[in-house]
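Naming: A, B, ... by sequence-line order, numbering from 1 per chain.
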Amino acid sequence: MKIATFNINGINRRLPNLMAWLADAAPDVVCLQELKATDRQFPATALADAGYGAVWRGESSWNGVAILARGMEPILTRDELPGNPDDKQARYIEAAVNGVLIACLYAPNGNPRPGPKFDYKMAWTERLIAHAAELWATDLPVALVGDYNIVPEPRDIYETTSYRDNALVQPESRALFARLLVQGWTDAIRAKHPDETIYTFWDYMRNRWPRNAGLRLDHLLLSHDLARKLKASGVDRDVRAAPGASDHAPAWMELRV
DNA sequence: ATGTCGTATCGCATACGA
């Protein structure tokens with residue numbers, strides 16, 4: 001079972017890129033972020049024609065998350081992160097696919113820092129940690145997959161000072177990600193590539209893709225029993241090089257499930 | 001401050017978020 005995460009940065013604008021990658025990589029499950037589409041604008045028919053069932057939670061202009069499943073319909077379990085009923089941003093969706101509980105998340109970017117956006121990032125990710133603890137305690141096979149908007153360690157970003165004040169690399173941000181790992185979750189990319197430099201995002205600005213000035217922001221975390229079934233993981237970098245690409249590349253893992 | 005995108009809008013240019 002191949003599970004991928006892809007911050008698509010506008011699903012309708014990016015539909016040809018998405019379709020080409022789906023045909024090429026044939027993932028069984030895909031977690032999408034930054035749909036930038038309302039529920040009505042979600043291209044469900046085109047995805048069904050490509051062989052994918054889907055659940056989604058859209059929003060006008062910003063955010064938006066979806067879970068795709070090849071040859072089946074994901075069974076929706078949640079479409080919001082618990083802990084703040086006033087939070088209307090479409091950043092979390094959860095569904096069961098083939099016996100695995102898939103959590104698809106799009107954590108807040110948090111810039112500029114300091115400020116209300118950074119506070120929201122902290123509060124949202126705290127809610128994620130609380131919900132992750134509950135999921136861990138169920139002993140179900142769970143994958144927490146998505147754009148965490150956190151660079152876990154200094155080696156997960158190219159050599160630079162231009163991100164020094166950025167929310168993505170702050171010690172407070174990194175501490176939140178570390179607390180998830182302390183719960184027991186396995187970082188599927190790191191587990192299979194302990195010493196490699198791996199990025200999933202390259203900003204559009206300043207030639208950062210051609211310079212390979214990237215960041216690792218998209219993560220796939222596995223519960224205890226799923227971690228033992230991890231076969232392989234990687235990043236489809238070629239997708240970032242295509243015309244009209246998202247600023248993120250898909251990250252994926254292969255499970256013996 | 002800037003760079004580059006995508007989106008929305010009292011639109012052919014600007015603001016905002018990333």
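Defined by atom type and a distance below 3.5 Å, a donor-acceptor pair is missing between the side-chain atoms of A/His248 and A/Asn9. Under the 3.5 Å distance criterion, with hydrogens and angles disregarded, no donor-acceptor pair is assigned to the side chains of A/Asp218 and A/Asn7. Side-chain atoms of A/Gln33 and A/Thr5 form a donor-acceptor pair, as typed in the model, at a separation below 3.5 Å. A/Arg237 and A/Tyr199 share no donor-acceptor pair across their side chains, judged by distance under 3.5 Å alone.
To the nearest angstrom, P of B/dA18 lies 8 Å from CD of A/Gln89. Taking atom NZ of residue A/Lys117 and atom P of nucleotide B/dC16, one finds them 10 Å apart after rounding to whole Å. Atoms CG (A/Asp203) and P (B/dA18) sit 13 Å apart, rounded to a whole Å. Going from atom CG of A/Leu217 over to atom C1' of B/dA18 covers 11 Å, rounded to whole Å. Rounded to a whole Å, the OH atom of A/Tyr120 is 13 Å from the P atom of B/dG17. We find that CG of A/Asp218 is positioned 13 Å from C1' of B/dA18, with the value rounded to whole Å. As a whole-Å value, the separation of A/Phe118 CZ from B/dG17 P is 17 Å. A straight line from CD of A/Glu34 to P of B/dG17 spans 13 Å, rounded to a whole angstrom.
Rounded to whole Å, the C1' atom of B/dG11 lies 16 Å from the corresponding atom of B/dG6. Nucleotides B/dC5 and B/dA1 place their P atoms 22 Å apart, quoted to the nearest Å. Nucleotides B/dC10 and B/dA15 have their P atoms positioned 15 Å apart, rounded to a whole Å.
A salt bridge links A/Arg127 to A/Asp87: one of the charged nitrogens lies within less than 4.0 Å of a carboxylate oxygen. For A/Arg190 and A/Asp156, the salt-bridge test passes: some basic side-chain N is under 4.0 Å from an acidic carboxylate O. Using a 4.0 Å cut-off between charged nitrogen and carboxylate oxygen, A/Asp187 and A/Arg216 count as a salt-bridge pair.
Residue pairs satisfying the ring pair (Phe, Tyr, Trp, His ring centres under 6.0 Å) criterion with at least one member in residues 14-51 of chain A, sequence neighbours excluded, are listed as follows: A/Phe6-A/Trp21, A/Phe42-A/Trp56.
The aromatic ring centroids of A/Tyr106 and A/Tyr92 lie 6.0 Å or more from each other.
Near DNA chain B, meaning a heavy atom under 4.0 Å from it, residues 104-115 of chain A has A/Tyr106, A/Asn109 in order of number.
A residue-by-residue look at A/Gln41 and A/His248 shows that A/Gln41 has its nearest nucleotide of DNA chain B further toward the 5' end.
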Identify all pairs in which a protein N or O lies below 3.5 Å from an N or O of nucleotides 5-7 of chain B, and state each distance.
{"from": "B/dG6", "atom 1": "OP1", "to": "A/Arg14", "atom 2": "NH1", "distance (Å)": "2.9"}
{"from": "B/dG6", "atom 1": "OP1", "to": "A/Arg14", "atom 2": "NH2", "distance (Å)": "3.4"}

